[in-house]
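If you scroll down you'll find the structure; I have some questions about it.
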Amino acid sequence: MTEPADNRPSDFIRDIIVEDLKSGKHKSVRTRFPPEPNGYLHIGHAKSIALNFGIAKEFGGVCNIRMDDTNPAKEETEYVESIMSDVRWLIDGWADTHLGGAPLYTSDYFDKLYEYAVDLARRGKAYVDDLSPEQTDEFRRTAKESPFRNRSVEENLDLLGRMKAGEFPDGAKTLRAKIDMSAPNIWLRDPVLYRIKHAAHHHTGDKWCIYPMYDWAHTLSDYIEGITHSLCTLEFEVHRPLYAWILEALELPPPRPRQIEFARLNLTYTVMSKRKLIQLVNEKFVSGWDDPRMITIAGLRRRGITASALRSFAYNIGITKYPSLNEMETLEHAVREEFNRIAQRRLAVLRPIKVVLTNWPNDKVEELDAINNPEDASTGTRKIPFGRELFIDRDDFMENPPPKYFRLKPGGEVRLKYSYIIQCEEVMKDSSGNVTELRCKIDIDSKSGGATANRKVKGTIHWVSAAHAVDAEVRLYDRLFKVPEPDADGDFKSFINPDSLEVVNAKLEPSLKEARPNERYQFERLGYFVLDPDSTQDRQVWNRTITLRDTWAKAAKK
RNA sequence: UGCCUCGUGGUGUAAUGGUAGCACAAGUGACUCUGAAUCACUUUGUCUAGGUUCGAGUCCUAGCGAGGCAGCCA
């Protein structure tokens, strides 16, 4: 299925939004995507981006991008750039007109957040605590009130001001919400709102030495920006009462935002956690963050997967609160479905074996017509040269084939795509028995469109004229992990697929010389391919995005 | 352990008290100058036990199972 046009997808979040609009709670819709700028975006974020921007688009609203940068120790400017370029790539031409301020920064609200904190303390709903981090944990676990819990409003205000002024060392004090230390929900047991960190911030420099915690910053940033629906993943479910408490405690006038949680993306044959992705990079299992085997946005993009295929995938898997595990096949389907429609076909030979046509004149070259895309007649045809010496793929010849193998075999016939039927007469080998060359006879009347063009042979294979072939490096990617759930148990790195990358020297049809980096091609019978940025003037490098479905390979395996 | 949330074919989802549907995957066949695509067909499901109701995937109760949270991370 492709992206919806007018019919928007249905899920419990969109149901809530429709209801809020109908009831008049909100006049318009504003969502937000709030990455922490301390890592690269991956396909899980793509699900969230598709959701938040999809909703903004469908309801005529806006989606803000906000860097959730409340922790100076972990965040860097470098990531802001990559995050923004990934987001822009994902929404370009689709929901880019619904992009709110980009990027916004939580740190831009530090002044306001502090004012709110003062307000909260003034209302007697927050206090400065001297407990150590360890004690704070201990007291919260055991539902014990801090001895500093009942300081006067004046003292709290004074201490908070001095915290801000830098009078205390890291960890000496915190500002805590005064809620209920016996609440069953831990996040209502006087959560920390501010901590002291004498650290420079990537965006505010050294203006601050106290920094707000997630719950305080996020809730109020949503409110400040006029977010109507704050969509986050399931692990924040238990924070929702605190989200609501903050808005209520400050008696903020409506409309107030509402937090709604949905299940994060899980995918088979990969890992999703930031920590594990970092390990793959640092320990050189992949070449970098944009290695085409990575499920980072940068990796998927380099692999050749399009933003629209990613969005289509996100649309297909839906939104629920059930922590599901999606099959990689669902993503692969979204890619193949789109690429079959848009990719022009070309002939390329990955593992060449030479074929000599014994009854074809030495110097004769013929130009044959080839269809660019059978799914799209408007793309027309092109010419491909044909001569006495050709390359075919090693997979398309077997000396001792199994039953139902209908490619080339000794004495057998096969159709060369867009050209003639040939018959294998002789198999040449080197001293160690490897096949080096096939000598074949051509049926000159069998040319596509010719006298006996309709003569049926079971197999049709692709080929490239040896004299005209373009040499190129082709990188054949496969799944990075051998098992569906690499992080289910044991060390996920032990399940890495040693054959996830194979590099071959391929022979391409000459028209591919003109290929450009953003174009998708189907190499007929092989898969979908895209030019890699490693390509140079002299030598192309191609990435295989994905193979074609291959029922023969499946049958042969049995 | 406490608290929160969630259980619909193999997987992902829909059904808003009224015929359990769709997609992916799998299988069979047709077609084929891509073993692709396309088309047709097929297999497989409401966690369990009670209850309410003319009628329950849906509401109620209990159980079972799964996931999340218990940072001065987000």
Side-chain angles (χ1 to χ4, degrees), chain A residues 1 9-12 15 34-36 38 68-71 73-75 129 131-134 136-137 140-141 143 170-176 183-189 191-197 210-211 213-215 217-218 232-241 261 263-264 268 274 315-334 336-337 340-341 345 347 371 374-375 404-407 414-421 446 448-449 453-454 456-462 484 522-527 547-556:
Chain A
M1 190 172 296
S10 163
D11 54 61
F12 73 100
D15 289 347
E36 185 185 12
N38 72 343
D68 212 357
D69 55 353
T70 56
N71 187 345
K74 295 169 64 176
E75 295 141 7
D129 197 355
L131 253 31
S132 72
E134 296 73 26
T136 307
D137 282 359
R140 284 180 80 196
R141 268 197 297 274
D170 288 7
K173 292 187 187 328
T174 58
L175 181 73
R176 290 234 258 164
N185 183 338
I186 294 271
W187 290 100
L188 260 18
R189 317 239 266 229
V192 172
L193 267 21
Y194 272 89
R195 77 286 216 186
I196 301 171
K197 272 182 196 278
I210 59 171
Y211 291 93
M213 296 290 291
Y214 164 81
D215 294 283
H218 199 263
C232 61
T233 45
L234 253 23
E235 65 264 32
F236 295 102
E237 221 155 19
V238 288
H239 293 243
R240 191 183 344 125
E261 312 85 22
R264 67 170 348 123
T268 56
K274 210 179 276 180
Y315 174 72
N316 288 155
I317 60 174
I319 298 290
T320 64
K321 300 189 77 149
Y322 182 77
S324 54
L325 176 63
N326 290 272
E327 294 179 327
M328 186 64 87
E329 286 85 347
T330 310
L331 205 212
E332 294 173 342
H333 167 76
R336 290 193 180 109
E337 195 276 332
N340 178 53
R341 279 185 287 114
R345 317 286 127 125
L347 299 186
I371 295 167
E375 305 289 326
K404 292 195 180 163
Y405 179 89
F406 44 80
R407 277 110 96 149
V414 80
R415 154 87 57 191
L416 296 176
K417 181 82 180 179
Y418 302 124
S419 71
Y420 302 82
I421 292 169
S446 67
S448 300
N454 292 332
K456 297 294 179 198
V457 290
K458 193 62 184 165
T460 299
I461 63 173
H462 56 276
Q522 182 195 107
F523 293 175
E524 293 215 36
R525 304 208 309 132
L526 296 172
T547 61
L548 258 29
R549 289 189 66 194
D550 190 349
T551 52
W552 166 249
K554 211 182 292 174

query = Rounded to whole angstrom units, what separation is found between the CG atom of A:Leu548 and the C1' atom of B:A36?
reply = 4 Å

query = Is there a donor N/O on one and an acceptor N/O on the other, under 3.5 Å, for the side chain of A:Arg407 and the base of B:G35?
reply = yes

ask   = For B:G57, which nucleotide in any strand shown is its Watson-Crick or wobble partner with both distances under 3.5 Å?
value = none

Rounded C1' spacing from B:U19 to B:G35 in Å = 40 Å

task = Assign the ring pair A:Phe406 / A:Trp552 to parallel, tilted or perpendicular, where the plane angle (0 to 90°) is split at 30° and 60°.
result = tilted

query = When you match A:Trp187 and A:Ile461 each to their closest nucleotide on RNA chain B, which lands nearer the 5' end?
reply = A:Ile461

ask   = Does A:His462 make a side-chain donor-acceptor contact with the base of B:A36, cut-off 3.5 Å?
value = no

message = Using only modelled atom types and a 3.5 angstrom limit, is any donor from either the side chain of A:Glu327 or the base of B:G10 paired with an acceptor on the other?
response = yes

request  = For B:A26, give its Watson-Crick or G-U wobble partner with both distances under 3.5 Å, or none.
outcome  = B:U42

key: Euclidean distance for C1', B:G18 against B:C69 (whole angstrom)   = 40 Å

query = Who does B:A62 pair with, Watson-Crick or G-U, both distances under 3.5 Å?
reply = B:U48

message = Checking base pairs now: Watson-Crick or wobble, both atom distances under 3.5 Å. What partners B:U8?
response = none

query = Can you find a donor-acceptor N/O pair under 3.5 angstrom joining the side chain of A:Glu329 to the base of B:U11?
reply = no

key: Contact under 4.0 Å: A:Lys197 side-chain N or O vs B:C73 OP1/OP2   = yes

ask   = Aromatic rings A:Tyr214 and A:His218: how do their planes relate, parallel, tilted or perpendicular, breaks at 30° and 60°?
value = parallel

query = Using atom P of each nucleotide, how far apart are B:A37 and B:A25 to the nearest Å?
reply = 9 Å

task = Specify the separation, in whole Å, of atom CG of A:Leu325 and atom P of B:G65.
result = 21 Å

message = Using the side-chain heavy atoms of A:Asp15, tell me which of these nucleotides is nearest: B:U16, B:A23, B:G12.
response = B:U16

key: d(CG, A:Asn340; C1', B:A37) in whole Å   = 5 Å

